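Excluded from the calculations below are hydrogen atoms, water molecules and symmetry mates; all remaining heavy atoms, backbone and side chain alike, are included. These numbers come from a predicted model, not from an experiment.
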Amino acid sequence: MVADEQLMTALFEDAPCGFLTLDPEGYILRVNDTLVKWLNSDKNELLNGRMFHEILGPGSRIYLSTHLIPLIEMHGEAIEINMELMRCDGRRIPVLINAAKAYDQSFEKSVYQLSVLDITQRKLYENELLRARSKAEEKAQQLEAKNRELEQFSGRLSHDLKSPLNTISGMISLMKRKKLLEEDGKPSEYFSLIESNVEWMKRMVSDLLEFSNTETRLAAMRMVDLGDVCKNAVRVLHQEVVKSRAKIQIGELPPVYGSGVQLTRVFQNLISNALRYRSDRSPIVEVFSETSGEFVEIHVKDNGAGFDPQYREKIFDFMTRLYSDDEVKGSGMGLSICKKIVEAHGGSIRATSEPGKGSVFTVRLPRL
Amino acid sequence: VDSTVRDKFNINRTGNGDTPVIFAHGYGCDQNMWRFVAPAFEEEYDVILFDHIGSGKSDESAYDYSKYATLEGYADDVIEICQSLGLYRTVFVGHSVSAMIGALAAAKQPALFSRLIMVCPSPRFLNDEGYFGGFSEEDIGELINSLESNYLGWATSITPVIVGDPEQPEFAEELQNSFCRMNPDIAKHFAKVTFTSDHRDELDNVSTHTLVLQCNPDHLAPVEVGKYVHQNIKQSRYIELDSAGHCPHLTSPQKTIRAIRNDLKEE
């Protein structure tokens, strides 16, 4: 029995946390050695009429009256309360306090039992995290503002660029309709060059607008059937398909989580590329899928011109083209739009090819 | 009774007597603070409990940061409660900041109040030249910090960034369900207003019979402050309770009840 008591006393006194017994009015009735050591104080002095608030920092002192005591009195306990102890030398120790109201037999009254944990280390990390958080929030706000500015800028720019172009092409068709241009001869040839270049420039401007409007974060995501997505894309391309006498085979495709409109745009671009960058043979485009771990991969395979594998990353860059306009028209933005959309879906896009042997574009999206 | 006012302030009216007694809670908690004291008055009085806007189960959406930027906003609420309940010659028992809120209301509308009982009052918590309030501005800054770490906890104050969901409906619900918890922004604002306001000059305008109930020692509203209030309210008495701390209604409810009852009997 005596040995047990000694053991209990040792556990109380030397436990790696502080223990305190308080009178509800705030006087310290009991304190263990560990806490005395943390406070760099004298036990007898603490027990001789000292009050709990006297060993607290000022902020904690107020919190004690406004929150901790009401909590203990009304709830019977208080859990994980952040406070600050103050040593006589003014040094502060951040602590976590748990407290409960209990009847104490040796004092013959209700008391508060407190356990006190030193959280100096944790507090350092917490403050670090909080600082990092406010920094991150500030950066995010700046970025958001910049993005809004850019969106407005490119929207305005595309609009402003488009209107003079519309005027030019309108004037040319008017001249044609009114037969102001000779059917043959140099002026007519020059004007048709102007016309095709204006059309070309309009397309560039629209693509630019679309690229800037492609959200990097998608708002309306839902279940989308990729089979339907590809069929829609082909429907949009109907004229091109007929004109190029292409054969398009769409295999079994899975549903994914995403934006139907945006994904349609992706496959429309990929299939349109397959038709335009063709070889001498009639285009054959195959769309099929396979699963790869947490992802599904949708391949768009063609028998077209293909390209040198060294450009397989460069082709996704903004406004990068491997062909001149004389060979195939394009703005160099189609694939970068695809990339932007697929990445907004949490996926990726890649291509494999060899000149003359066709290409395979692979869209990788998270599996449902 | 106008049910919108009742819901807005979560008014609870009990008791069998005619004389109305309003119990007003201080900063940090709600009307539950009076649970050991108020029932003792139900037999003889008309007992009215309420929560200040932003505290307890009051209508948080009514918290107007500009209205509650001064204690006058809360005093106007007390007047609104009296008027909507048709109370007249009311006994107002206010703890801590509510003692001053009651004094401001009584100075504005003396006819509504027959008696003021100021439990641990302080017209100014900050020290000033020739005045000891007990705290410096830095101390109040530290309180705001400890409110931040306790109301939000370090984990919850970083999760919005990680989870990307600033709404946190579950957390908000938990807040509503627990004791002594308020919307953290309101808690900080109310703390700032409570602990930085200065109403020493208004004490002179109080003509209502007043009892200052002071604890000794009280480390939040020290004895000097209680005496200051007594000296500056003309018709006031000063009683020191044989109890330490700042919440005698929780830690020494019997002594508190006795002191209030004796004062009311003397009328």
Side-chain angles (χ1 to χ4, degrees), chain A residues 22-27 49 51-54 56-84 86 92 94-97 101 109-110 112 119 122-137 139-140 217, chain B residues 25-30 32-33 35-36 96-97 120 125 134-136 138-155 157-162 164 166 178-181 187 190-191 194-195 215 217-221 242-253:
Chain A
L22 298 180
D23 175 278
E25 292 188 357
Y27 295 99
M51 298 183 81
F52 182 47
H53 74 265
E54 294 175 63
L56 291 177
S60 302
R61 208 175 294 163
I62 303 175
Y63 196 82
L64 170 73
S65 297
T66 55
H67 292 78
L68 185 60
I69 290 172
L71 268 173
I72 301 173
E73 283 295 341
M74 299 194 315
H75 232 194
E77 62 175 15
I79 293 164
E80 289 197 26
I81 305 293
N82 278 270
M83 286 198 153
E84 229 175 18
M86 198 157 70
R92 313 283 185 94
V95 292
L96 204 59
I97 288 177
K101 196 174 178 181
K109 61 177 173 183
S110 283
Y112 303 162
I119 54 164
R122 195 181 106 171
K123 207 77 194 168
L124 286 176
Y125 296 129
E126 281 173 20
N127 289 338
E128 210 49 56
L129 280 169
L130 288 174
R131 259 197 299 278
R133 178 198 176 206
S134 62
K135 243 188 214 166
E137 274 177 346
K139 279 262 150 48
R217 273 172 64 183
Chain B
H25 67 86
Y27 172 75
C29 256
D30 56 27
N32 276 300
M33 293 280 272
R35 61 157 73 163
F36 303 138
S96 199
V97 69
C120 308
F125 287 93
F135 297 91
S136 68
E138 276 168 34
D139 298 343
I140 305 307
E142 282 193 24
L143 167 72
I144 306 292
N145 282 341
S146 73
L147 286 176
E148 259 171 359
S149 48
N150 279 307
Y151 271 112
L152 299 164
W154 73 276
S157 45
I158 58 164
T159 39
V161 166
I162 298 168
S178 48
F179 259 140
C180 296
R181 292 243 173 178
F190 191 10
T194 297
F195 293 106
C215 288
D218 178 342
H219 52 271
L220 203 62
D242 177 23
S243 174
H246 184 66
C247 302
H249 50 337
L250 287 174
T251 53
S252 304

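Using a 4.5 Å cut-off between heavy atoms, B:Phe36 touches chain A through its side chain atoms alone. For B:Ser136, no part lies near chain A; criterion is any non-hydrogen pair under 4.5 Å. Only the backbone of A:Glu80 comes within less than 4.5 Å of a heavy atom of chain B; no side-chain atom from C-beta onward does. Interface residue A:Tyr27: only side-chain heavy atoms are found under 4.5 Å from chain B.
Between B:Glu142 and A:Gly57, the shortest heavy-atom contact is OE1-C, 4.4 Å.
Two residues are said to be in side-chain contact when any heavy atoms from C-beta on lie closer than 4.5 Å; B:Ser252 and A:Glu25 meet this criterion. Using a 4.5 Å heavy-atom cutoff, the side chains of A:Ile72 and B:Leu250 are not in contact.
In the displayed structure, A:Asn127 atom CG is contacted under 6.0 Å by more than 12 heavy atoms of other residues, nucleotides or ligands.
Each of A:Glu73, A:His67, A:Met74 was evaluated against B:Cys29; a single residue qualifies, A:Met74, per the side chain to side chain contact (heavy atoms under 4.5 Å, CB included) test.
Taken to the nearest 0.5 Å, the CG atom of B:Leu143 stands 9.0 Å off from the OG atom of A:Ser60. The line from CZ of B:Phe135 to CD1 of A:Ile62 is 4.5 Å long, rounded to the nearest 0.5 Å. Taken to the nearest 0.5 Å, the CZ atom of B:Phe190 stands 10.5 Å off from the OG1 atom of A:Thr66.
Each of B:Glu138, B:His249, B:His219 has some count of heavy-atom pairs under 4.5 Å with chain A, and the biggest count is that of B:His219. Taking chain A as the reference chain and counting heavy-atom pairs below 4.5 Å, the highest number among B:Ile140, B:Ile144, B:Thr194, B:Thr251 is found for B:Thr251. For the options A:Arg92, A:Arg61, A:Met51, A:Lys123, heavy-atom pairs under 4.5 Å to chain B are most numerous at A:Arg92.
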